[in-house]
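Predicted model only: the values in this text are computed from it and were never measured. Heavy atoms only: backbone and side chains are in, while hydrogens, waters and symmetry mates are out.
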Amino acid sequence: MGSPNTKPFKVIQWATGGVGRAAVEAVLNHPELELAGCWVHSAEKNGRDVGEILGREALGVTASSNMDDVLAVEADCVVYSPLIPNDDEVKAILRSGKNVVTPVGWVYPDRTDPRVKALEQACRDGGVTLHGSGIHPGGITERFPLMISALSTAITHVRAEEFSDIRTYNAPDVVHHIMGFGKTPQEAAQGPMASLLEGGFKSSVWMVADYLGFRDPTFASTQEVAVATAPIDAGYLKIEPGMVAARRFRWQAVVDGQPVITAAVNWLMGEDNLEPDWSFGERGERFEIQVTGDPDVELIVKGLQPDSIAEGLKKNPGVVATANHCVHAIPFVCAAEPGIKTYLDLPMIAGRPDPRLGRSAR
């Protein structure tokens with residue numbers, strides 16, 4: 001990456017849910033970054049020191065729920081991580097002259113979409129850049145498959161698939177009301193989760209298909225559920241028999257009737273008392289990337305799911321990894337030309353050493 005900057009990039013954290021809290025920690029660990037401000041949704045967090053919100057020592061940065069006040073803070077970049085993105089918020093941030101890195105969209109946006117064009121214009125108005133990141137989508141689904149695809153030729157299929165125990169995801173309202181666990185199969189199918197996921201995963205599938213050069217792909221998606229056969233107590237949520245206890249989503253690019261790119265999610269409330277009798281398989285929780293070609297190449301990613309439910313409820317490594325992938329992109333995004341930039345437009349993004357072992361930018 002070259003020599004570190006002598007002047008750190010100033011960063012605003014937008015929302016302090018699981019990803020936002022982890023992003024603040026990543027900013028504090030990064031020698032080229034400095035926390036400058038923080039927007040929070042709840043009145044309970046308004047006016048509090050960000051360190052207090054995170055349960056650590058005071059950081060000297062006060063959180064605010066007033067958008068105008070936060071936009072007035074001098075900063076180079078915003079890590080934008082609310083649960084659901086708001087285009088108007090993002091456009092306001094961009095027009096204030098602040099770059100945006102986010103795990104909630106725009107990994108590979110459709111440049112013909114009027115909403116995307118409006119964001120591109122906001123980037124030009126502010127002279128800044130918007131970059132979508134994360135892990136799934138945002139890395140596991142497209143960046144890493146493209147990387148390992150270079151080891152193969154005559155490729156016929158690329159698959160990226162998640163297998164996760166959702167009992168470790170400590171967000172009861174999200175798991176029940178948005179993800180649909182504990183609801184009837186009909187309620188889950190009609191809920192918001194499929195459309196929320198499809199925006200990101202369709203982009204991922206399209207990025208891989210485009211970059212590898214598959215001919216005129218079409219898009220297909222499916223979703224399935226498994227229901228509880230006995231009461232399942234996840235601690236923060238109790239699932240009654242007949243209610244949704246596992247979900248599978250699959251998004252594919254198809255050529256000549258055959259899938260050539262697949263992104264998939266398998267979310268289970270454990271492996272017991274499910275109908276159909278789904279499981280994680282002998283490899284357990286993981287992310288699995290497979291390139292079918294000459295030769296076939298497979299990559300199993302472990303460590304992004306916690307070792308136990310208790311550990312996951314305390315600190316979920318997948319959430320932390322999502323935040324880290326965003327934060328490590330900040331210096332490159334700040335240096336990029338104005339506009340929406342994907343991984344394909346930026347240099348290689350890597351992690352940084354423990355502060356005790358690395359060079360200091362300060």
Side-chain angles (χ1 to χ4, degrees), residues 17-19 22-23 79-85 87 90 100-111 113 115-116 119 130-149 157-164 166 169 174 178-179 192-212 214 217 219-223 247-253 259-267 286-291 299 301 304-305 316-329 333 340-346 349:
V19 173
V79 179
Y80 182 78
S81 61
L83 179 61
I84 297 174
D87 283 18
V90 176
V100 173
V101 176
T102 178
V104 294
W106 306 291
V107 169
Y108 191 62
D110 179 358
R111 308 284 177 158
D113 186 328
R115 292 176 59 192
V116 174
L119 287 162
L130 169 63
H131 173 62
S133 184
I135 58 168
H136 192 67
I140 296 288
T141 329
E142 66 291 306
R143 184 178 181 184
F144 303 151
L146 287 174
M147 178 182 69
I148 69 167
S149 73
H157 189 216
V158 175
R159 176 178 59 87
E161 189 160 3
E162 175 187 359
F163 299 83
S164 292
I166 214 66
Y169 191 63
V174 175
I178 296 179
M179 297 170 74
M193 198 72 247
S195 60
L196 288 173
L197 291 174
E198 183 165 303
F201 284 101
K202 186 176 183 179
S203 294
S204 294
V205 165
W206 240 230
M207 176 188 278
V208 179
D210 281 353
Y211 202 73
L212 293 183
F214 281 100
F219 180 75
S221 64
T222 60
Q223 60 171 307
R247 302 199 69 175
R248 284 178 170 171
F249 298 91
R250 191 168 294 267
W251 304 270
Q252 294 182 313
V260 293
I261 312 294
T262 297
V265 167
N266 302 268
W267 288 335
R286 65 200 183 277
F287 288 86
E288 200 169 88
I289 300 169
Q290 184 180 55
V291 176
L299 175 67
V301 181
L304 298 183
Q305 288 100 349
N316 191 304
V319 172
V320 176
T322 298
N324 291 342
H325 208 197
C326 290
V327 169
H328 292 312
V333 171
I340 300 177
K341 303 297 181 185
T342 74
Y343 301 118
L344 306 180
D345 304 308
L346 299 175
I349 297 166

Given Trp206 and Asp110, is the side chain to side chain contact (heavy atoms under 4.5 Å, CB included) satisfied, shown in steps?
CA-CA 9 Å; Trp206 240 230; Asp110 179 358; over 6 Å; no

With sequence neighbours excluded, what pairs up with Glu162 under the salt bridge (charged side-chain N to carboxylate O under 4.0 Å, His left out) test?
none

Answer yes or no: is there a side-chain heavy-atom contact under 4.5 Å between Ser149 and Leu212?
yes

Using 30° and 60° as the class limits, which term best fits the ring planes of Phe201 and Trp251: parallel, tilted or perpendicular?
parallel

Heavy atoms only: give me the nearest Ala160-His136 pair and the separation to one decimal.
O-CE1, 4.2 Å

How far apart are the closest heavy atoms of Pro217 and Ala253, and which atoms are they?
CB-CB, 4.0 Å

Does Val107 offer a backbone N or O that forms a donor-acceptor pair with the side chain of Ser203 under 3.5 Å?
no

Nearest heavy-atom pair of Thr141 and Ser204: which atoms, and what distance?
CG2-CB, 3.6 Å

Nearest heavy-atom approach of Ile261 to Val208 is CD1-CG1, 3.5 Å

Check Arg250, Arg159, His157 against Thr262 for a side chain to side chain donor-acceptor pair (under 3.5 Å) and give me the one that passes.
His157

Partner of Val333 under side chain to side chain contact (heavy atoms under 4.5 Å, CB included), chosen from Val101, Asp345, Leu130, Ile349:
Val101

Where the side chain of Gln290 meets the backbone of Glu161, is there a donor-acceptor pair that is under 3.5 Å apart?
no

Do you know which two heavy atoms are closest between Ile135 and Gly318, and how far apart they sit?
CD1-O, 3.5 Å

Just by modelled atom types, is the Met207 backbone N or O under 3.5 Å from a matching donor or acceptor in the Asp210 side chain?
no

